[in-house]
Amino acid sequence: MAAVTLNDVLIILVIASCFISLLCLGLLFMFSKRLQQMQNSNIKLHKQVHNDTEQISILRSEIAEVRASVLSIGKRLVESEGYVKELAQQQAAQKYDDPDAKIYSRAVKMVELGADLEEIMRECELPRAEAELLMSLHNKS
């Protein structure tokens, strides 16, 4: 058997340390690449967060504008409803103030109750043509 000399041990230690050094360099290279990828990913995420924050700000502003528009439309709608109600009340009041409207309302009521043409002409003092028109309109509806 050959004897292992100190030089042989030293050569084995040098080869082993070179191998370990190469292994460490490889690991260091791999970790540096991975670190670079993570940094690039982090930069992309920061940009995306910044863009998302800007988009959220824009959307909030647009929502505020839409809300203001809806409130304005709501106010105008309430005003319009009040105006329509007031006009309806004025129209109803005029209906009762107009003597001719009373005559025609009475004539329509008589037609609805089944009065004949002569009776409507006599009671409401309407000409024949108007009484016939009221009767034909009522019969169609």
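We're numbering straight along the sequence, starting at 1.
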Would you name the heavy atoms of [X] and [Y] that are closest together and state the gap between them?
| X | Y | answer |
| --- | --- | --- |
| Met121 | Ala131 | CG-CB, 3.6 Å |
| Arg128 | Leu117 | NH1-CD2, 3.1 Å |
| Met135 | Val111 | CG-CG2, 3.8 Å |
| Leu126 | Ala107 | CD1-CB, 3.7 Å |

Working to the nearest 0.5 angstrom, can you tell me the gap between [X] [atom1] and [Y] [atom2]?
| X | Y | atom1 | atom2 | result |
| --- | --- | --- | --- | --- |
| Lys47 | Leu45 | NZ | CG | 11.5 Å |
| Leu13 | Asp8 | CG | CG | 11.0 Å |
| Ile63 | Ile56 | CD1 | CD1 | 10.5 Å |
| Ser21 | Leu28 | OG | CG | 11.5 Å |
| His46 | Ser41 | NE2 | OG | 10.0 Å |
| Cys18 | Leu23 | SG | CG | 12.5 Å |

Taking the side chain as every heavy atom from C-beta outward, state whether [X] and [Y] have any pair of such atoms under 4.5 Å apart.
| X | Y | result |
| --- | --- | --- |
| Arg76 | Ile73 | yes |
| Cys24 | Ile20 | yes |
| Asp116 | Glu119 | yes |
| Thr5 | Val9 | no |

Distance-only donor-acceptor check, side chains Asn51 and Gln55, under 3.5 Å: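 Absent: no donor and acceptor within the cut-off.
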Co-members of Val66 in a cluster of I, L, V, M, F, W and Y side chains, linked at under 4.5 Å: Val70
Hydrophobic cluster of Tyr83, others only, ordered by chain and residue number, side-chain cut-off 4.5 Å: Leu87
So does [Y] get a backbone contact from the side chain of [X], meaning a donor-acceptor N/O pair under 3.5 Å?
| X | Y | value |
| --- | --- | --- |
| Arg106 | Glu123 | yes |
| Ser57 | Thr53 | no |
| Ser69 | Glu65 | yes |

Results of salt bridge (charged side-chain N to carboxylate O under 4.0 Å, His left out) for Glu125 - residues two or more places apart only: none
Within 6.0 angstrom of Met38 CE, more than 12 heavy atoms from elsewhere: no
